Amino acid sequence: VQLQASGGGLVQSGGSLRLSCAASGRTFMNYGMGWFRQAPGKEREFVAAISWSGFSTYFADSVKGRFTISRDNAKNTGYLQMNSLKPEDTAVYYCAVAGRGATRSSKDYDYWGQGTLVTVSS
């Protein structure tokens, strides 16, 4: 699976962005999808994940209530809607897919996108 993340940019604190993850190469709906992020000088961390059906979603405590994750299997695309953004959300955001389903561990993911930068100014 090839993944292409997009939608990052510069936004003021309190603003919103929607990230997209376009998949190609294999059947997207066979995979759970996750979003991870890595801030400068920090390790990559889990943000959100969604099952192949979209029925199950998981969020890091730091984004719960502000971010939503969704997917459109017909379009082979996943999304991360980010609202009420904070400066601490600044990071490179990566999408990934896992054959074993949606999990919180980056080690479970088989394919990764290239990342898209989100910068939140205060």
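Keep in mind that what you see is a predicted model, and the values were worked out from it rather than measured.
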Handout entry: Which residues share a side chain to side chain donor-acceptor pair (under 3.5 Å) with S121, sequence neighbours left out
Key = none
Completion exercise
Here the disulfide bond (SG atoms under 2.5 Å apart) pairs for residues 29-87, sequence neighbours left out, are none
Practice task
For the residue pair V47 and L80, establish whether any side-chain heavy-atom pair is separated by less than 4.5 Å.
Solution key: yes
Exercise for the section: Verify the cluster assignment for I50 and Y111: are they in a single hydrophobic cluster under the rule of side-chain heavy atoms below 4.5 Å apart? Expected result: yes
Practice task
Apply side-chain contact (heavy atoms from CB on, under 4.5 Å) to the pair L19 and T116, showing each step before the final yes or no.
Solution key: CA-CA 8 Å; L19 305 183; T116 184; 4.0 Å; yes
Practice task
Name all residues meeting the ring pair (Phe, Tyr, Trp, His ring centres under 6.0 Å) criterion together with W52; count only those two or more places apart in sequence or in a different chain, and write none if there are none.
Solution key: none
Problem - M33-V1 co-clustered via ILVMFWY side chain contacts under 4.5 Å - result: yes
Problem - ring pair (Phe, Tyr, Trp, His ring centres under 6.0 Å) partners of Y79, counting only residues at least two apart - result: none
Handout entry: Side chain to side chain, W35 and M82, heavy atoms closer than 4.5 Å
Key = no
Exercise for the section: Applying side chain to side chain donor-acceptor pair (under 3.5 Å), name anything that partners S13, two or more places apart in sequence or on another chain. Expected result: none
Exercise for the section: Decide yes or no on side-chain contact (heavy atoms from CB on, under 4.5 Å) for R44 and W112, but give the supporting numbers first. Expected result: CA-CA 13 Å; R44 188 173 299 187; W112 291 79; 3.2 Å; yes
Fill in the blank from the handout: Scanning both residues in full, the closest heavy-atom pair of T77 with S20 reads CG2-CB, 4.3 Å
Handout entry: Straight-line distance of F59 CZ to T68 OG1, nearest 0.5 Å
Key = 6.0 Å
Counting only pairs under 3.5 Å, give me each side-chain donor-acceptor contact of residues 87-102, with atom names and distances, residues two or more places apart or in other chains.
{"from": "D89", "atom 1": "OD1", "to": "R37", "atom 2": "NH1", "distance (Å)": "2.9"}
{"from": "D89", "atom 1": "OD1", "to": "R66", "atom 2": "NH2", "distance (Å)": "3.0"}
{"from": "D89", "atom 1": "OD2", "to": "R66", "atom 2": "NH1", "distance (Å)": "2.7"}
{"from": "D89", "atom 1": "OD2", "to": "R66", "atom 2": "NH2", "distance (Å)": "3.4"}
{"from": "D89", "atom 1": "OD2", "to": "K86", "atom 2": "N", "distance (Å)": "2.8"}
{"from": "T90", "atom 1": "OG1", "to": "P87", "atom 2": "O", "distance (Å)": "2.9"}
{"from": "T90", "atom 1": "OG1", "to": "V120", "atom 2": "N", "distance (Å)": "2.9"}
{"from": "T90", "atom 1": "OG1", "to": "V120", "atom 2": "O", "distance (Å)": "3.4"}
{"from": "Y93", "atom 1": "OH", "to": "R37", "atom 2": "NH1", "distance (Å)": "2.9"}
{"from": "Y93", "atom 1": "OH", "to": "D89", "atom 2": "O", "distance (Å)": "2.6"}
{"from": "R100", "atom 1": "NH1", "to": "D108", "atom 2": "OD1", "distance (Å)": "3.1"}

Exercise for the section: Check the pair N76, R71 against side-chain contact (heavy atoms from CB on, under 4.5 Å), reporting the backbone distance first and the verdict last. Expected result: CA-CA 8 Å; N76 291 333; R71 63 191 296 163; over 6 Å; no
Fill in the blank from the handout: Interatomic distance, OH@Y31 vs CG@D110, rounded to 0.5 Å, equals 6.5 Å
Problem - Set of residues satisfying ring pair (Phe, Tyr, Trp, His ring centres under 6.0 Å) with respect to F46, sequence neighbours excluded - result: F36
Completion exercise
For N30, the side-chain contact (heavy atoms from CB on, under 4.5 Å) test, sequence neighbours excluded, returns T27
Exercise for the section: Locate the shortest heavy-atom distance separating Y109 from G34; write the atom from each residue and the value. Expected result: CE2-N, 3.5 Å
Handout entry: pair S84-F67: side-chain heavy atoms closer than 4.5 Å
Key = no
Handout entry: Any residue meeting salt bridge (charged side-chain N to carboxylate O under 4.0 Å, His left out) with K64, in chain and number order, not counting sequence neighbours
Key = D61
Handout entry: Residues in side chain to side chain donor-acceptor pair (under 3.5 Å) contact with N83, at least two apart in sequence or another chain
Key = S16, Q81
